[in-house]
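Working notes, structure below.
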Amino acid sequence: MDLGLQGKIALVTGGTSGIGLAAADLLLGEGARVAICGRDAGRLAAAQAHLRARHEQGDLLAATCDVLDRDAVARLQAQVQGWAGGLDLLVNNAGQGRVSTFASTSDADWRAELELKFFSQINTINLFLPMLQQSSSASVVAVNSLLAYQPETHMVATSAARAGVQSLVKSLAREFAPKIRVNSILLGIVASGQWERRYAKEAAPGQSYEAWIEAEAVNRAIPLKRFGQPAEAARAILFLGSPAASFITGASLEVSGGASRHI
Ligand code: NDP
């Protein structure tokens, strides 16, 4: 199946690691022109080098940007406009989860988490909307989590915020139709930067990353008995964001190895 991404212009926020980096890689492989952003200049340079090595002819823009800083997103918008003159696909991927129960979540933590989950969507959508409106195949993909429907007590703030993002996706899909499609992916557990950080904190002394991941997958009773790989999440992002999904909007695609229990 041809996804129809050849020559399309895509922005992947948080494109310097994990799922975002895998999405940028696949998009370049499909012949799309790709912009990535992240906050850390070192990680950005490493991602840029990685992608350039894999796609010598690829058209890539790499820019530092904190998506929670509206002025920085405005600067990114100007950079993308100058580089490509438009945008067809916005992948709102930047972010991370917060491990905390209600008892261990302070008011400041709640505010930070709600700001991260909402404004990592709102700032980019606001600033890139005029460009998307000019596209003949505009779409937004929100990278979201199964926690939206299946909250976990140890991730109480993230779960609540994720549910709100699902509501936002549904509203925007209706408000922006028929011009711009808006969909989300619902992730279970995907082995990426944030899990490497948790491994560093939580693993038993001497336990390898692979052994720790395998034990976590068993503990969490994931039916496919493993964590997902970034490329497996990225493939779902590409499909929903591509012209091949032209009649799909307001939808969510679960990428969880069967971990969901809701119908
Ligand atoms: P990674 O930590 O590997 O990647 C996160 C990316 O987001 C990095 O490029 C990071 O770069 C960037 N980022 C974080 N905050 C900001 C910010 N404020 N502005 C710009 N860039 C930012 O994690 P994943 O690939 O796993 O995560 C991708 C998305 O998927 C996240 O939103 C995450 O919450 C979500 N998700 C992941 C799950 C999983 O199991 N992996 C499960 C459910 C959801 P830098 O730090 O340099 O800014």
Side-chain angles (χ1 to χ4, degrees), residues 1-5 8 10-32 34 36 38 43 46-47 50-51 53-55 58 89-97 120 139-150 152 155 158 162 165-166 169 181-199 208-245 248 251-262:
M1 177 174 65
D2 180 6
L3 293 176
L5 286 164
K8 297 292 180 190
L11 167 62
V12 183
T13 69
T16 64
S17 169
I19 296 158
L21 181 59
D25 184 33
L26 292 182
L27 283 162
L28 285 164
E30 292 292 320
V34 180
I36 58 170
R43 274 196 290 275
H50 170 79
L51 292 170
R54 288 174 53 80
H55 306 278
L89 168 58
L90 170 61
V91 180
N92 279 327
N93 165 77
Q96 60 182 25
S120 61
S139 90
V140 177
V141 178
V143 175
N144 206 2
S145 162
L146 200 52
L147 294 171
Y149 294 102
Q150 204 159 280
E152 298 280 0
M155 295 187 79
T158 294
R162 293 296 194 190
V165 169
Q166 279 303 100
V169 165
R181 298 182 301 105
V182 185
N183 294 292
S184 66
I185 63 163
L186 298 176
L187 297 174
I189 298 180
V190 175
S192 67
Q194 53 182 321
W195 287 96
E196 284 163 25
R197 292 191 291 277
R198 278 183 66 174
Y199 160 74
S208 72
Y209 180 59
E210 291 69 27
W212 180 78
I213 291 247
E214 204 178 306
E216 286 288 313
V218 169
N219 283 345
R220 290 159 194 272
I222 299 170
L224 293 189
K225 297 197 184 308
R226 60 180 179 86
F227 283 14
Q229 290 302 313
E232 294 177 305
R235 287 199 286 270
I237 294 171
L238 257 70
F239 171 64
L240 283 178
S242 75
I248 302 178
S252 299
L253 181 50
E254 199 181 299
V255 186
S256 73
S260 72
R261 293 183 301 276
H262 66 276

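Predicted model, so just to flag it, every value in this text is computed and none were measured. Position 1 is the first residue of the sequence, and the numbers go up from there.
- Surrounding CD of Glu214 are at most 12 heavy atoms belonging to other residues, nucleotides or ligands under 6.0 Å away.
- Under the 3.5 Å distance criterion, with hydrogens and angles disregarded, a donor-acceptor pair is assigned to the side chains of Ser184 and Gln166.
- How far CE of Met155 is from CD of Gln150: 13.0 Å, rounded to the nearest 0.5 Å.
- To the nearest 0.5 Å, atoms OG1 (Thr13) and CG (Asn92) are separated by 5.0 Å.
- The side-chain heavy atoms of Glu216 and Ile189, taken from C-beta on, include no pair separated by under 4.5 Å.
- The closest side-chain heavy-atom distance from Glu232 to Val190 is not below 4.5 Å.
- Using a distance-only test at 3.5 Å, with no hydrogens or angles considered, no donor-acceptor pair links the side chain of Asn144 to the main chain of Val165.
- Using a 4.5 Å cut-off on side-chain heavy atoms (C-beta onward), Val12 and Leu27 make contact.
- Atom CD1 of Ile237 sits about 11.0 Å away from atom OG of Ser139, to the nearest 0.5 Å.
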Assess whether side chain to side chain contact (heavy atoms under 4.5 Å, CB included) is satisfied between Lys8 and Leu89, documenting all intermediate values. CA-CA 8 Å; Lys8 297 292 180 190; Leu89 168 58; over 6 Å; no
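- When all heavy atoms are compared, the tightest approach of Gly18 to Ser192 is CA-CB, 3.9 Å.
- For Glu152 and Arg220, the salt-bridge test fails: no basic side-chain N is under 4.0 Å from an acidic carboxylate O.
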Assess whether side chain to side chain contact (heavy atoms under 4.5 Å, CB included) is satisfied between Arg54 and Leu28, documenting all intermediate values. CA-CA 9 Å; Arg54 288 174 53 80; Leu28 285 164; over 6 Å; no
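- Rounding to the nearest 0.5 angstrom, the gap separating the OG atom in Ser252 from the CG atom in Leu186 is 4.5 Å.
- Using bins of under 30°, 30° to 60° and over 60° for the plane-to-plane angle, the ring pair Trp212/Phe227 lands in the perpendicular bin.
- Scanning both residues, Ser242 and Phe239, for their nearest heavy atoms gives OG-O, 2.9 Å.
- The two atoms that bring Gly15 and Ala47 nearest to each other are O-CB, 4.2 Å, heavy atoms only.
- Counting heavy atoms from C-beta on, the side chains of His262 and Leu146 come closer than 4.5 Å.
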After noting the C-alpha distance and the side-chain angles of Thr158 and Gln96, does the key distance pass the side chain to side chain contact (heavy atoms under 4.5 Å, CB included) rule? CA-CA 9 Å; Thr158 294; Gln96 60 182 25; over 6 Å; no
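- Heavy-atom minimum distance, Leu238 versus Leu26: CD2-CB, 3.6 Å.
- The two residues Val255 and Ala236 make their nearest non-hydrogen contact at CG2-CB, 3.6 Å.
- Here the closest non-hydrogen pair linking Pro223 and Gly257 is CD-O, 3.4 Å.
- Here CD1 of Ile36 is found 5.5 Å from CG of Leu51. Values are rounded to the nearest 0.5 Å.
- Within the 3.5 Å criterion, the main-chain N or O of Leu240 finds a donor-acceptor partner in the side chain of Arg181.
- Note that OG of Ser256 is 8.0 Å distant from CG of Leu224, once rounded to the nearest 0.5 Å.
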